[in-house]
**Student:** 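One structure, pasted below without further comment.
Positions are given from 1, in the same order as the sequence printed here.
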Amino acid sequence: MNWIENIKWEQFLLNTGITLIQLIATIIAYLIIRSIGNKVIQSSFLKVQNKRKMSIARTKTLQTLAISVFSYVLFFITLVIILGIFNFDATGLIAGAGIVGLAIGFGAQGFVSDIVTGFFILLEKQLDVGEYVTTAGYEGIVEEVGLRTTQIRSFDGTLHYIPNREIGSLSNHSRGNMRALVDIGIPYHDNIDQAIAVLQAVCDKVKEENEKIVEGPDVLGVQTIGQDDVTLRIIAKTESMEQWEVERQLRKAIKEAFDKNNMDSDQVAVEKEPDEG
């Protein structure tokens, strides 16, 4: 118990108080700088977007990446300062970390691969935030592109965290115009020419009502001949991500037109679209 009696309590409490004040001040400074830094980054990218006429998706992608890198750097600097407050030799710690990092480097090849792949994904502009993509067995809307992972939210609401190294091939469904396709099954006893005329009139009407249609829609004619019906195909080009809405509008208008003209349709088929819940 002699060591307790030898403690200079006044000095101990003073040192402890100073340490706590420094620690609290460091944490508060970290939170303030992080908040200000995020706002500065957002403001800077907004100015660049307006000046260089960058797309909103591209701006959000680079902005998210910049904020992520800024957060990592700021956290590391704050950690070094906190270690210094507790009288740890940050220089020795960094050197030691370098040795340990070299030792485990062979086991961190996946991490390095994630970063390298993420860099080239961003460099080649393969995807942007808000785009509809299919990759690594998942499809959905890109929510975030980072140096290590890419976040994709499926149409059922599930958020997938995909390591960048798993993005070996990628299909981007949001670049350029998309195709809306509707197949209509007409019974053999119906007049094919009359059906085509009715369908084309529907297409022309939908075209006038929907500004998101870039080209068409047009009735291509007989697509297939089945055992019980003849399939007629309608095709149109639409703005990105608008093809499903156009297909739904066409199906509704076709049903109404067929009812009005006392015509039958055995089936109305479309290309598979994502389940939007």
Side-chain angles (χ1 to χ4, degrees), residues 38 42 45 54-68 71 110-111 113-115 117-122 124-185 206 209-214 216-217 223 231 233-256 265-277:
N38 290 344
Q42 293 172 359
F45 273 97
M54 293 173 57
S55 66
I56 296 177
R58 188 63 182 170
T59 302
K60 287 184 177 179
T61 302
L62 297 178
Q63 176 182 297
T64 301
L65 178 62
I67 290 176
S68 178
S71 298
F111 178 78
S113 179
D114 286 335
I115 294 178
T117 305
F119 173 78
F120 281 105
I121 288 175
L122 292 169
E124 297 172 359
K125 301 180 181 180
Q126 296 180 19
L127 52 80
D128 286 321
V129 172
E131 292 185 329
Y132 168 40
V133 301
T134 299
T135 185
Y138 301 100
E139 65 174 351
I141 305 299
V142 179
E143 288 208 349
E144 183 175 325
V145 181
L147 284 176
R148 199 182 69 83
T149 62
T150 295
Q151 298 179 25
I152 296 178
R153 188 175 296 277
S154 297
F155 289 95
D156 63 359
T158 304
L159 183 61
H160 305 284
Y161 294 84
I162 304 175
N164 289 333
R165 66 179 179 275
E166 294 186 7
I167 304 179
S169 60
L170 184 146
S171 299
N172 193 322
H173 308 287
S174 299
R175 301 288 173 87
N177 298 326
M178 302 302 292
R179 183 181 68 172
L181 184 149
V182 178
D183 284 343
I184 309 296
V206 171
E209 297 175 348
N210 196 329
E211 297 179 352
K212 298 174 183 177
I213 297 176
V214 177
Q223 180 67 20
T231 300
R233 171 160 291 184
I234 298 173
I235 194 169
K237 288 184 179 181
T238 74
E239 295 179 1
S240 178
M241 301 293 290
E242 301 297 337
Q243 64 270 28
W244 303 306
E245 177 186 341
V246 171
E247 288 174 352
R248 288 190 288 267
Q249 185 178 2
L250 281 169
R251 292 197 297 271
K252 180 176 181 296
I254 290 169
K255 176 62 170 63
E256 293 173 348
S265 62
D266 288 345
Q267 60 182 349
V268 180
V270 299
E271 288 187 324
K272 179 179 179 291
E273 67 177 89
D275 182 7
E276 300 183 44

**Student:** Would a 4.5 Å heavy-atom cut-off, applied to side chains only, mark L159 and E143 as touching?
**Tutor:** yes
**Student:** So do P217 and L250 actually touch side chain to side chain, heavy atoms under 4.5 Å?
**Tutor:**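 A side-chain contact exists here, since the closest heavy-atom pair is under 4.5 Å.
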**Student:** Is there a donor in the side chain of T149 and an acceptor in the side chain of N164, or the other way round, less than 3.5 Å apart?
**Tutor:**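 There is no such pair (donor and acceptor under 3.5 Å, judged by atom type) between the side chains of T149 and N164.
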**Student:** Is the backbone of E242 close enough, under 3.5 Å, to the side chain of E245 for a donor and an acceptor to pair up by distance?
**Tutor:**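 No; zero donor-acceptor contacts below 3.5 Å.
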**Student:** Are the ring centres of Y132 and F155 closer than 6.0 Å?
**Tutor:** yes
**Student:** Could you tell me which non-hydrogen atom of N210 sits nearest to which non-hydrogen atom of K212, and how far apart they are?
**Tutor:** OD1-N, 2.9 Å
**Student:** Return yes if some donor-acceptor pair links the side-chain N/O of S174 with the main-chain N/O of E131 below 3.5 Å, else return no.
**Tutor:**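 Flag not set: sc S174 to bb E131 has no pair under 3.5 Å.
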**Student:** Grab the two heavy atoms, one from V214 and one from E239, that are nearest each other, plus how far apart they are.
**Tutor:** CG2-N, 3.8 Å
**Student:** So do R153 and T158 actually touch side chain to side chain, heavy atoms under 4.5 Å?
**Tutor:**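 Heavy-atom side-chain distance check fails, nothing below 4.5 Å.
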**Student:** Checking S154 against H160 for the side-chain contact (heavy atoms from CB on, under 4.5 Å) test, could you report, in this order, the C-alpha distance in whole Å, the side-chain angles of both residues, the deciding distance, and whether it holds?
**Tutor:** CA-CA 8 Å; S154 297; H160 305 284; 2.6 Å; yes
**Student:** Nearest 0.5 angstrom please: Q151 CD to Y138 OH, how far?
**Tutor:**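 Between Q151 CD and Y138 OH, I get 13.5 Å after rounding to 0.5 Å.
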**Student:** Will you find, in the side chains of N172 and Q126, an N or O donor that is under 3.5 Å from an N or O acceptor?
**Tutor:**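 No, no side-chain donor-acceptor contact under 3.5 Å.
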**Student:** Any side-chain heavy-atom pair from H173 and M178 closer than 4.5 angstrom?
**Tutor:** yes
**Student:** Within the supplied structure, the quantity of interest is the number of heavy atoms (other residues, nucleotides, ligands) at a distance under 6.0 Å from E211 CD; does it exceed 12?
**Tutor:**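 For E211, atom CD is not crowded (no more than 12 foreign heavy atoms under 6.0 Å).
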**Student:** Taking the side chain as C-beta and beyond, is there a heavy-atom pair between K237 and I213 under 4.5 Å?
**Tutor:**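 When only atoms from C-beta onward are counted, I213 and K237 do not touch, as no gap falls below 4.5 Å.
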**Student:** What are the two closest heavy atoms between A180 and E247, and how far apart are they?
**Tutor:** CA-OE2, 3.5 Å
**Student:** Taking all non-hydrogen atoms of both residues, which atom of R251 and which atom of V182 are closest, and how far apart?
**Tutor:**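 Taking R251 first and V182 second, the nearest heavy atoms are CG-CG1, 4.2 Å.
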**Student:** Kindly indicate, with the supporting measurements, whether the criterion side-chain contact (heavy atoms from CB on, under 4.5 Å) is fulfilled by D128 and V142.
**Tutor:** CA-CA 7 Å; D128 286 321; V142 179; over 6 Å; no
**Student:** Could you check T134, I141, T135, L127 and say which one makes a side chain to side chain contact (heavy atoms under 4.5 Å, CB included) with I152?
**Tutor:** T135
**Student:** Hey, what do you get for OG1 (T231) to CD1 (I184), rounding to the nearest 0.5 Å?
**Tutor:**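 T231 OG1 to I184 CD1: 9.0 Å, rounded to 0.5 Å.
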